[in-house]
Amino acid sequence: MTLLSIQNLTKKFGGLMAVNDVSFDVDQGKIVGLIGPNGAGKTTVFNLITGNYVPDQGEIFFNGHNLEGLKTHKIVSLGIARTFQTIRLFKNLSVLENVLAGCHCRMRSGIFSSMLRLSFQRKEEKMALARALKELEFVGLKEHMDLKSMNLSYGNQRLLEIARALASNPKLIVLDEPAGGMNDFETQQLVGLIQKMQDRGLTVLLIEHDMNLVMRICEHIVVLEHGALIAQGNAEQITSDQRVIEAYLGIDEDEE
Amino acid sequence: MLKYKNPLMVLVFSAAIFSCPFFLNAYWIDVINNIGLYAILALSLNFIVGYTGLFHMGHAAFFAVGAYTAAVLNTSYSIPILLLLPVSGAAAALFAYLVARPIIHLRGDYLLIVTIAIVEVVRIALVNNVFGLTGGSNGIFGISRPEFFGLTIRRPHEFFYYIWSFLAISVFLFYMLERSRFVRALNYIKNDEVAAEGSGVDVAYYKLIAFVLGAFWAGMVGNIYASKMTLISPESFNFWESVILFVIVILGGSGSIRGVILGAFLIVGLPEIFRQFAGARMLVFGAAMVAMMVFRPQGFLPPLPRKYATHKIKPGDETL
Ligand SMILES: Nc1ncnc2c1ncn2[C@@H]1O[C@H](COP(=O)(O)OP(=O)(O)O)[C@@H](O)[C@H]1O
Ligand SMILES: [Mg+2]
């Protein structure tokens with residue numbers, strides 16, 4: 001079953017075609033990779049999905065909803081959570097409170113019930129706390145929950161972003177270069193974590209430069225170049241695709 | 001012992017404050033009353049400036065709307081001023097909603113400029129008697145005193161209990177709010193708007209609600225102020241008042257209830273103690289601000305980290 005369907009998506013920045021007529025589907029329960037050279041338009045696709053940018057053309061359907069015109073927080077409450085390529089944590093707040101941010105959209109209590117500490121508000125807070133602790137345990141950061149998030153190591157900050165995203169109880173999680181800045185060991189842990197997310201029933205869409213990681217865990221891979229989709233398929237199909245080798249893998253090797 | 005340090009401090013402070021009427025004369029009680037009023041106003045501004053990090057220097061406008069609502073309805077229709085307390089709040093909240101809505105997306109310095117403009121526009125409108133209700137630059141006089149069950153509040157010593165009870169209740173309610181998803185959401189916005197929205201917080205809504213709630217409380221203080229003075233005029237709600245409130249929040253500790261209260265004591269109370277140097281007030285003010293920004297940018301008493309009862313969560317507990 002298709003969970004996310006991207007159809008003829010186009011986004012221009014001035015004269016630059018950042019995303020050019022891109023269409024692809026993400027199936028329920030799969031781990032899908034979005035790859036391509038720097039500046040190919042991957043992050044822009046994510047920002048279009050999450051409503052940070054408005055597409056010039058094209059449509060995005062998620063779980064039966066057309067996402068057109070929806071604000072980001074609304075899209076989150078429909079079940080799409082994200083992490084950012086450049087880490088965006090709430091630096092001055094604790095690790096725990098960062099994760100509680102994800103719970104926010106699943107909570108209902110307002111000003112009055114909070115001021116008066118009504119029983120349902122207390123119950124909801126407790127349930128949110130339990131959820132946040134569960135997600136911290138899931139990513140392995142529970143022991144750091146009282147630290148200010150800015151005092152975490154770089155790799156742990158990435159994990160915290162994942163925990164925050166998971167706390168919103170998403171159906172689809174979109175990860176923008178989750179292994180960026182991680183060492184080999186941390187990347188290994190991350191692979192396990194992403195597979196654990198799949199086991200939980202989540203659908204994962206990820207951007208990643210670490211080809212090794214992508215080929216290992218992605219069941220479907222979409223390749224962008226200069227904003228256009230040039231290939232999609234499984235790892236085998238992608239690695240043997242002539243255009244991909246020329247456009248992407250080739251360049252990457254030249255650079256290194 | 002350490003565990004009860006904070007409640008103990010609150011207790012000691014409350015005892016000290018509420019013992020004031022027993023040994024201070026009317027003049028000093030009035031000073032304490034003014035500190036109380038500024039403290040509540042600054043606590044209401046704290047929602048916008050402190051928790052949410054929005055540069056809002058027009059809070060006197062909301063205060064004015066509350067005060068004038070009370071004054072007009074009380075003098076024209078003889079509605080008891082105390083009954084008008086929520087009405088003053090609601091009027092200020094509605095006003096805040098209307099003016100904040102179009103400007104809520106503005107950032108930092110732009111928002112600052114617009115909010116300064118709002119307070120000036122309100123003052124000038126009051127001076128020019130725009131609706132024929134506000135009495136122009138003379139203002140409105142003959143506002144009645146609050147009455148509790150036949151007991152009229154008139155002397156500073158009586159206002160003391162009114163104002164400081166109101167402050168105590170406000171602090172209690174705000175403290176509860178601090179430990180809820182509401183103030184957390186405001187803090188997320190202060191830290192990173194994009195991440196807050198991306199985590200599912202309706203940023204525009206919460207910013208607006210911060211304004212509305214802050215204005216509601218400022219409007220109620222306007223009501224208390226009107227009944228305390230019995231005469232209000234536009235000059236009581238000028239830009240300088242907004243600046244003082246802003247400084248109380250920043251200097252005391254953005255987003256910190258105890259910090260804001262301390263700030264009110266410092267900014268409103270100290271000048272009274274050093275009256276002979278009144279001429280140098282601005283100078284000291286400016287120097288203090290510069291020194292703070294350099295040495296203690298988070299204010300005298302920044303917010304403490306919130307505590308969560310994580311130890312009460314057991315593995316099998318129901319989760320969200
Ligand atoms: N907000 C923006 N304004 C202008 N140009 C942008 C913006 N965001 C991205 N771009 C441009 O769009 C292109 C695609 O960027 P991006 O999606 O970040 O690439 P990727 O994530 O694949 O490295 C780049 O050329 C980038 O400079
Ligand atoms: Mg990118």
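Lettering of chains follows the sequences in order, A, B, ..., and the numbering in each one begins at 1.
Contacts between K148(A) and chain B at a heavy-atom distance below 4.5 Å are absent for every atom of the residue. Using a 4.5 Å cut-off between heavy atoms, E97(A) touches chain B through backbone and side chain atoms alike. At a 4.5 Å heavy-atom cutoff, the contact between L133(A) and chain B is made by side-chain atoms alone. For chain B, no part of S77(A) is nearby; none of its heavy atoms comes within less than 4.5 Å. Proximity to chain B (any heavy atom under 4.5 Å) is restricted, for L96(A), to the side chain, taken from C-beta onward. Only the side chain of R117(A) has a heavy atom closer than 4.5 Å to any heavy atom of chain B. For A165(A), no part lies near chain B; criterion is any non-hydrogen pair under 4.5 Å. When heavy atoms are compared at a cutoff of 4.5 Å, A81(A) does not approach chain B at all. Neither the backbone nor the side chain of E137(A) comes within less than 4.5 Å of any heavy atom in chain B. Neither the backbone nor the side chain of D146(A) comes within contact range of chain B; no heavy atom of the residue lies under 4.5 Å from a heavy atom of that chain.
Here the straight-line distance linking atom CG of L177(B) with atom CD1 of I111(A) works out to 6.5 Å at 0.5 Å rounding.
The shortest heavy-atom contact between S109(A) and R181(B) is O-NE, 2.8 Å. Closest approach of F84(A) to V194(B), counting heavy atoms only: CE2-CG1, 3.9 Å. A pairwise comparison of heavy atoms in A130(A) and T319(B) identifies CB-CG2, 3.7 Å as the closest pair.
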Next item on the list: Show your reasoning for whether salt bridge (charged side-chain N to carboxylate O under 4.0 Å, His left out) applies to K74(A) and E197(B).
Entry: CA-CA 9 Å; K74(A) 187 79 192 138; E197(B) 181 84 22; over 6 Å; no
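Note on K314(B), K312(B), E178(B), R184(B): by heavy-atom pairs under 4.5 Å with chain A, the leading option is R184(B). Residue with the most contacts toward chain A among F174(B), F182(B), Y205(B): F182(B) (heavy-atom pairs, distance under 4.5 Å).
Not less than 6.0 angstrom separates the ring centroid of H73(A) from the ring centroid of Y206(B).
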